[in-house]
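Some notes on the structure that comes next.
By convention here, the first residue in the shown sequence is residue 1.
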Amino acid sequence: MRMSDLITERIIQMLEESSDNVAEIQRNEFAALMGCVPSQINYVLSSRFTPEHGYIIDSRRGGGGYIKISRVKLSRSSALMHIVNSIGVGIDSMSARIVVENCLQSGMISLDTAKLLQSAVSDSVMRTIPPEYRDYMRASLLKQMLLTQI
């Protein structure tokens, strides 16, 4: 089993053992416990514990810092709004593709909608936009198109 799968399983186990669907970890200590580097924890959190998968991540930096993972049940429209708000002012092509794929996998959008979104924010569509503006345009398009799904 891959390390990312083991980390995911352990976090889910922690959430299931919790009475309030919340797990708190300290990244460096958790990485040492799992026998991996801290960046592997970051990767798992950012790819598998996303709002579209039903999780909210909260973190506090510093000596007593922690990462809090909460499992929530969001309505489809609430989840889409959370995603729209998390996109920010700019998004690169790969990140946009991941957002769309996660929305599709979680059932928030149909396959046809996913294809349309992927096409609209693709690099081939953005090639006529000056490079310094592409990520801004891509974010704006993606957010507006996701809003039509609410």
Side-chain angles (χ1 to χ4, degrees), residues 1-111 113-114 117-118 120-123 126 131-150:
M1 185 176 281
R2 293 183 4 215
M3 179 55 71
S4 55
D5 294 332
L6 293 171
I7 294 167
T8 300
E9 279 186 12
R10 179 63 185 122
I11 292 172
I12 290 172
Q13 179 184 16
M14 292 170 70
L15 287 165
E16 289 172 352
E17 292 171 353
S18 166
S19 61
D20 56 356
N21 283 322
V22 174
E24 283 190 22
I25 60 173
Q26 290 189 313
R27 189 178 69 124
N28 290 340
E29 290 176 14
F30 190 67
L33 174 73
M34 297 302 298
C36 66
V37 294
S39 62
Q40 184 78 34
I41 305 299
N42 289 348
Y43 167 76
V44 170
L45 292 175
S46 65
S47 63
R48 299 185 183 191
F49 293 90
T50 62
E52 54 269 19
H53 287 112
Y55 300 94
I56 294 177
I57 305 292
D58 183 32
S59 62
R60 184 181 67 189
R61 298 189 184 276
Y66 65 86
I67 299 171
K68 182 166 73 170
I69 304 115
S70 305
R71 186 177 1 209
V72 294
K73 270 297 200 196
L74 295 175
S75 68
R76 180 177 171 273
S77 60
S78 293
L80 283 168
M81 277 306 299
H82 190 76
I83 293 164
V84 167
N85 290 331
S86 70
I87 290 173
V89 292
I91 189 168
D92 61 54
S93 179
M94 177 64 82
S95 298
R97 189 177 2 222
I98 290 168
V99 166
V100 173
E101 287 173 8
N102 286 340
C103 287
L104 175 63
Q105 288 175 354
S106 64
M108 284 188 276
I109 61 173
S110 69
L111 179 59
T113 300
L117 288 170
Q118 293 286 30
V121 298
S122 69
D123 282 334
M126 297 293 160
E132 64 271 17
Y133 299 115
R134 289 178 186 167
D135 291 348
Y136 301 116
M137 177 63 81
R138 189 182 340 267
S140 183
L141 277 170
L142 183 57
K143 288 192 282 190
Q144 287 303 307
M145 293 178 82
L146 286 173
L147 286 172
T148 67
Q149 299 301 301
I150 295 176

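- Residues satisfying the side-chain contact (heavy atoms from CB on, under 4.5 Å) criterion with Met81, sequence neighbours excluded, are Asn85, Leu147, Ile150.
- Between Ile87 atom CD1 and His82 atom NE2 the span is 11.0 Å, to the nearest 0.5 Å.
- Remark: Gln149 engages no residue in a side chain to side chain donor-acceptor pair (under 3.5 Å) (not counting sequence neighbours).
- With a 4.5 Å cut-off on side-chain heavy atoms, Val72 and Tyr55 do not count as touching.
- Residues Ile7 and Gln40 share a closest heavy-atom pair of CD1-CG, 3.4 Å.
- Distance CE/Met108 to CG/Leu146: 8.5 Å, rounded to 0.5 Å.
- Under the side-chain contact (heavy atoms from CB on, under 4.5 Å) criterion, Asp5 pairs with Met1, Arg2, Arg48, not counting sequence neighbours.
- For Thr148, the side-chain contact (heavy atoms from CB on, under 4.5 Å) test picks out no residue, with sequence neighbours left out.
- With sequence neighbours left out, the side chain to side chain donor-acceptor pair (under 3.5 Å) criterion links Asp92 to Ser95.
- In this structure, the side chains of Gln118 and Glu101 come closer than 4.5 Å at one or more pairs of heavy atoms.
- For the pair Ile69/Val22, no side-chain contact is recorded, criterion being any heavy-atom separation below 4.5 Å from C-beta on.
- Proximity of Ile91 to Asp135: side-chain heavy atoms (C-beta onward) are nowhere separated by under 4.5 Å.
- With rounding to the nearest 0.5 angstrom, the CD1 atom of Ile83 is 7.0 Å from the OG1 atom of Thr50.
- The local environment of CE in Met3 is crowded, with over 12 non-hydrogen atoms from other residues, nucleotides or ligands closer than 6.0 Å.
- For the 3.5 Å distance criterion, the side chains of Gln13 and Glu9 fail to qualify, holding no donor opposite an acceptor.
- Looking at Val121 and Leu117, their side chains never come closer than 4.5 Å, going by heavy atoms from C-beta outward.
- In terms of the side-chain contact (heavy atoms from CB on, under 4.5 Å) criterion, Ser46 has no residue partners (sequence neighbours excluded).
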